[in-house]
Amino acid sequence: MKSAGRIVHNLFADLPTLTSGEFFEELVVCRDVRIERILSSDQPESVLYDQEQDEWVCLLQGEARLWIAGDEVELRAGDHLLIPAHTPHQVLDTSREPPCLWLAVHIHPHER
């Protein structure tokens with residue numbers, strides 16, 4: 001869709017159907033920031049993340065349970081949190097209906 005000469009996108013449009021794992025789509029890269037849309041199936045991969053960048057995540061739809069540095073965190077649609085760099089974290093469970101849709105903002109260390 002176009003609005004005033006700009007292309008407008010919708011975070012809920014064109015979502016793939018997943019039976020397992022997650023789908024990552026890069027939306028914006030600007031200097032030290034990367035924004036992505038993530039769709040999780042109800043069978044997410046068991047990956048332990050320990051990233052060099054801070055990550056702010058917002059759960060747009062669904063319910064999820066995360067493990068973050070030894071604590072379990074439950075999220076519902078609209079919940080968001082900041083995961084500081086080098087904080088081990090993992091997605092434990094995600095809902096089937098609706099599937100979990102996330103917006104993630106990765107804030108990379110500034111290169112000097």
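- No side-chain donor from either of His86 and Glu52 sits under 3.5 Å from a side-chain acceptor of the other.
- In this structure, the side chains of Asp32 and Pro109 stay at 4.5 Å or more apart for every pair of heavy atoms.
- With sequence neighbours excluded, no residue satisfies side-chain hydrogen bond (donor to acceptor under 3.5 Å, both in side chains) with Glu45.
- Between Leu101 and Ile38, the closest side-chain pair of non-hydrogen atoms is not below 4.5 Å.
- Annotation: side chain of Glu97 is not in contact with side chain of Ser95 (no heavy-atom distance under 4.5 Å).
- Counting only heavy atoms from C-beta outward, the side chains of Glu36 and Leu27 never approach each other to under 4.5 Å.
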Taking distance alone, no hydrogens or angles, what donor-acceptor pairs closer than 3.5 Å link side-chain atoms of residues 66-79 to residues at least two apart or in another chain?
residue : atom : partner : partner atom : Å
Glu72   : OE1  : Arg65   : NH1          : 2.6
Glu72   : OE2  : Arg65   : NH1          : 3.2
Asp79   : OD2  : Arg76   : N            : 2.7

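- Listed for the Ser41 side chain is a donor-acceptor partner under 3.5 Å among the backbone atoms of Gln43.
- In terms of the ring-ring contact (aromatic ring centres under 6.0 Å, His included) criterion, residue partners of His80 (sequence neighbours excluded) are, by chain and number, Trp56.
- Among residue pairs with one or both ends in residues 20-31, those qualifying as side chain to side chain donor-acceptor pair (under 3.5 Å) are Glu22-Ser40, Glu25-Arg37; sequence neighbours excluded.
- Partners of Pro84 by side-chain contact (heavy atoms from CB on, under 4.5 Å), not counting sequence neighbours, listed by chain and number: Asp54, Thr87.
- With sequence neighbours excluded, the residues satisfying ring-ring contact (aromatic ring centres under 6.0 Å, His included) with His89 are Tyr49.
- Here the closest heavy-atom approach between residue Phe23 and residue Leu18 is recorded as N-CD1, 3.8 Å.
- Note that the CD1 atom of Ile107 and the CD1 atom of Ile35 stand 9.0 Å from one another [nearest 0.5 Å].
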